[in-house]
Amino acid sequence: MRKYKVGIIGATGMVGQRFALLLANHPWFEPVCLAASANSAGKKYREAVKRWLMPSPMPASLADLTVLDATADMEQIASSVDFCFCAVNMKKDEIRALEEAYAKSECPIVSNNSAHRFTDDVPMIIPEVNAAQLEIIPAQRKRLGTKRGFIAVKSNCSLQSYVPLLHPLKKYGIKSAAVTTYQAISGAGKVFDTMPEICDNVIPYIGGEEEKSEKEPLKIWGELKGGKIVPASSPVITAQCLRVPVSDGHTAACFVSFENKPAKEEILKAWAEFSGEPQKLGLPSAPKQFIHYFEEDNRPQPKLDRNTENGMAVCAGRLREDNLFDYKFVGFSHNTLRGAAGGAVLLAELLAAKGYFD
C-alpha cells in the first residue's frame, strides 16, 4: 500500500486533534496539510490550538506545520493531498457547501460531520456493517461531475454503541428496539473544566441526537436503488439520549424484539463470530475481534473498557431476557475513537484498500 498524502480540515478542534494523533504514525496515511478557520490560519499548529485536549502530547511532526484557511486556501489544500478528513465546527449548511466544494475540486472527503449523512448518494458507513454502500460513489461522482472527488461520512458517534450489536441479529427479524444512550462530554467537545455544569449531574437532552439515533440506522441498513441509498423501513427504533459525567465513551441500554426470537446462546454466538470487511482485509485500525462480550454483571464500563482494542472495538454485556421486549443488553464504544476520528480513519483505510482514492 502506497502512502497517501492527507489533509485534516478542522484540525484545531477535539476531533481534529484526535485525527492528528491517529495519523502522525499511520502506516498508510501521511498528514501534510492542516486547515481550520480564518482565525487560526497562518499560525503554527502548536500556536493555533488554544488547548491540547488529548491524553498524549501533540505530535512533533505536526506542531510546526502552518495552518491554512479551510475556505480561502481550498485550491492549495485540494491540490496538495490525496484526500482530506473533515471535522469542522460550522453551521450545517456551511459544512455541506464546504465539503461539496472540496469534492468538486477533485479532493475526496471523509467526513466526521453530520451535514451530508442524509444526502441520498453519500454513503454513511460503519465499515464492518455496510461497506457495500461504497458502491454508490460512482453515482455521486456523476452528479458532482467529478473523476476523483466524492464525500463519504461516518455515522453519529452514539450509534456505534448499539447498531453493531443489533446488526448480526437482523437475521432473526428485528421488529423494534428501544435505546437510551449515556453519552460522554467529549461528544460535545468538552472536558470537565470546560463543562462544570455536568459535574454531579445528568443532562437529559442533546440537541438532535435522538432523531439521529432513530433514523441513521435505517440509512445504514438501506439498499442502493437508482443511484440513491433508500433507507430501510424497519425496524422501528425509539431513543433517548443523556449527557453524563464521563470523559470518553458512550454507553447504551438497548431493548430489542424479534420476529423469530433467538436463544441467548445464539445471540452470543452471532456476536462472537461477527466480523466485516475491515477484519477480512486486515486494515491497520481494525480491531481483531469487533465485538467483545463481558460475562461480568458490572461490565462494560467506560473507565475500564473504552480502550479495548485501541478504542476500536464495540463492547457488550448484561444480555438477558426482558418482560416487555424479548431481550435487553448494554453496549459501549469509545466515542472519539470508534465513534469519531478512529471510525473515520478506518473508513478511509477501507476506501484506500478498495481503490477509491486512486
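Computed over heavy atoms, backbone and side chain alike; hydrogens, waters and symmetry mates excluded.
Counting only heavy atoms from C-beta outward, the side chains of T66 and K44 approach each other to under 4.5 Å. Within the 4.5 Å cutoff, side-chain heavy atoms of Q183 are placed close to those of I206. Using a 4.5 Å heavy-atom cutoff, the side chains of V6 and C84 are not in contact. W28 places a side-chain heavy atom less than 4.5 Å from the side chain of L283. Residues F85 and L23 are in side-chain contact: their nearest non-hydrogen atoms beyond the backbone lie under 4.5 Å apart. For the pair I109 and F83, the minimum side-chain heavy-atom distance is 4.5 Å or more. Counting heavy atoms from C-beta outward, W221 and H167 have side chains that approach closer than 4.5 Å. Looking at heavy atoms from C-beta onward, R306 lies in side-chain contact with F332 at the 4.5 angstrom threshold.
Counting non-hydrogen atoms of neighbouring residues, nucleotides and ligands closer than 6.0 angstrom, the CG atom of N201 exceeds 12 such neighbours. Counting non-hydrogen atoms of other residues, nucleotides and ligands closer than 6.0 Å to CG of D93 gives a total above 12. Within 6.0 Å of CG on N307 lie more than 12 heavy atoms contributed by other residues, nucleotides or ligands. In N25, the CG atom is not crowded: 12 or fewer heavy atoms of neighbouring residues, nucleotides or ligands sit closer than 6.0 Å. The 12-atom threshold is not exceeded at NZ of K215, counting heavy atoms of other residues, nucleotides or ligands nearer than 6.0 Å. Other residues, nucleotides and ligands contribute more than 12 heavy atoms inside 6.0 Å of the NZ atom of K43.
Note: W271 and F329 meet the aromatic proximity criterion, with ring centroids under 6.0 Å apart.
For the atom pair L21 CG and M58 CE, the distance stands at 9.0 Å (nearest 0.5 Å). For the atom pair NZ (K5) and SG (C33), the distance works out to 11.5 Å, reported to the nearest 0.5 Å. For the atom pair Q301 CD and K303 NZ, the distance stands at 9.5 Å (nearest 0.5 Å). Once rounded to the nearest 0.5 Å, the distance linking CD of E309 with CG of L337 reads 12.5 Å.
Residues F357 and A348 approach most closely at CE1-O, 3.3 Å, considering heavy atoms.
A donor atom on one side chain and an acceptor atom on the other are not found under 3.5 Å apart for Q240 and T180.
With sequence neighbours excluded, the residues forming a side-chain contact (heavy atoms from CB on, under 4.5 Å) with A340 are V15, N112, listed by chain and number. Legend: residues meeting side-chain contact (heavy atoms from CB on, under 4.5 Å) with A184, ordered by chain and number and at least two apart, are S186, V246, H250, N335. Partners of T194 by side-chain contact (heavy atoms from CB on, under 4.5 Å), not counting sequence neighbours, listed by chain and number: R51, K190, V191.
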As a quick check of understanding, evaluate side chain to side chain contact (heavy atoms under 4.5 Å, CB included) for M195 and E197, giving each step before the final call. CA-CA 5 Å; M195 196 178 185; E197 67 272 22; 3.3 Å; yes

Take K50 and T12 through the side chain to side chain contact (heavy atoms under 4.5 Å, CB included) test and state the conclusion after the steps. CA-CA 8 Å; K50 290 180 180 146; T12 56; over 6 Å; no

Where do E223 and K225 land on the salt bridge (charged side-chain N to carboxylate O under 4.0 Å, His left out) test, with the steps shown first? CA-CA 6 Å; E223 58 180 323; K225 280 185 181 176; 3.5 Å; yes

Kindly indicate, with the supporting measurements, whether the criterion side chain to side chain contact (heavy atoms under 4.5 Å, CB included) is fulfilled by F192 and I198. CA-CA 7 Å; F192 284 113; I198 198 66; 3.9 Å; yes

Verdict with reasoning, D358 to R2, per salt bridge (charged side-chain N to carboxylate O under 4.0 Å, His left out): CA-CA 10 Å; D358 298 329; R2 72 178 179 88; 3.5 Å; yes

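Under the 3.5 Å distance criterion, the side-chain polar atoms of Y162 are matched with a main-chain donor or acceptor of S213. With hydrogens and angles disregarded, a donor-acceptor distance shorter than 3.5 Å links the side chain of Q140 to the backbone of D121. Side chain of N113 to main chain of A115: no donor-acceptor pair is present (N/O by atom type, distance under 3.5 Å, no hydrogens or angles). For S40 (side chain) and A36 (main-chain N/O), no donor-acceptor pair under 3.5 Å exists by modelled atom type. Under a 3.5 Å cut-off, the side chain of R141 and the backbone N or O of K147 do form a donor-acceptor pair. Judged purely by atom type and a 3.5 angstrom limit, R320 uses its side chain to pair as donor or acceptor with the backbone of R318. A donor-acceptor pair is defined here as one N or O able to donate and one able to accept, closer than 3.5 Å; such a pair exists between the side chain of H116 and the backbone of R96. Counting only distance, with no hydrogens or angles, the side chain of D326 and the backbone of F258 share a donor-acceptor pair below 3.5 Å. With N310 contributing its side chain and M312 its backbone, the two residues share no donor-acceptor pair below 3.5 Å. Panel note: side chain Y102, backbone C86; no donor-acceptor pair is recorded below 3.5 Å.
When the options R117, Q160, E216 are evaluated for a side-chain hydrogen bond (donor to acceptor under 3.5 Å, both in side chains) with S155, the one that passes is Q160.
One hydrophobic cluster, built from ILVMFWY side chains closer than 4.5 Å, cannot hold both L98 and V110; they sit in different ones. The hydrophobic cluster containing I9 also contains L68, counting ILVMFWY residues as joined when their side-chain heavy atoms lie under 4.5 angstrom apart, directly or transitively. Hydrophobic clustering (ILVMFWY, side-chain heavy atoms < 4.5 Å, transitive): Y182 and V202 are in one cluster. I229 and I151 fall into different hydrophobic clusters, where Ile, Leu, Val, Met, Phe, Trp and Tyr are joined by side-chain heavy atoms under 4.5 Å apart, directly or via other members. The hydrophobic clustering, which links ILVMFWY residues whose side-chain heavy atoms are closer than 4.5 Å, places L166 and L319 together.
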Do any side-chain atoms of residues 127-137 form donor-acceptor pairs under 3.5 angstrom with protein atoms, and if so which ones, sequence neighbours left out?
from : atom 1 : to   : atom 2 : distance (Å)
E128 : OE1    : R338 : NH1    : 2.9
E128 : OE1    : R338 : NH2    : 3.4
E128 : OE2    : Q279 : NE2    : 3.0
E128 : OE2    : R338 : NH2    : 3.0
N130 : OD1    : I126 : N      : 2.9
N130 : ND2    : M124 : O      : 2.8
N130 : ND2    : Q133 : OE1    : 3.3
Q133 : NE2    : K219 : O      : 3.0
Q133 : NE2    : I220 : O      : 3.0
Q133 : NE2    : G222 : O      : 3.3

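The pair E99-K104 does not meet the salt-bridge criterion, since no charged nitrogen lies less than 4.0 angstrom from a carboxylate oxygen. For the pair K212 and E210, the salt-bridge criterion is not met [side-chain N within less than 4.0 Å of a carboxylate O].
Ring geometry for Y45 against W52 counts as perpendicular: the plane angle is over 60°, on a 0 to 90° scale with 30° as the lower cut. Ring geometry, H26 versus F29: the interplanar angle falls under 30°, so the pair is classed parallel (tilted spans 30 to 60°).
Within the structure, every pair that satisfies the salt bridge (charged side-chain N to carboxylate O under 4.0 Å, His left out) test and touches residues 243-270, not counting sequence neighbours, is listed here: K261-E321, K269-E273. Applying the salt bridge (charged side-chain N to carboxylate O under 4.0 Å, His left out) rule to pairs touching residues 159-176 yields nothing, sequence neighbours excluded.
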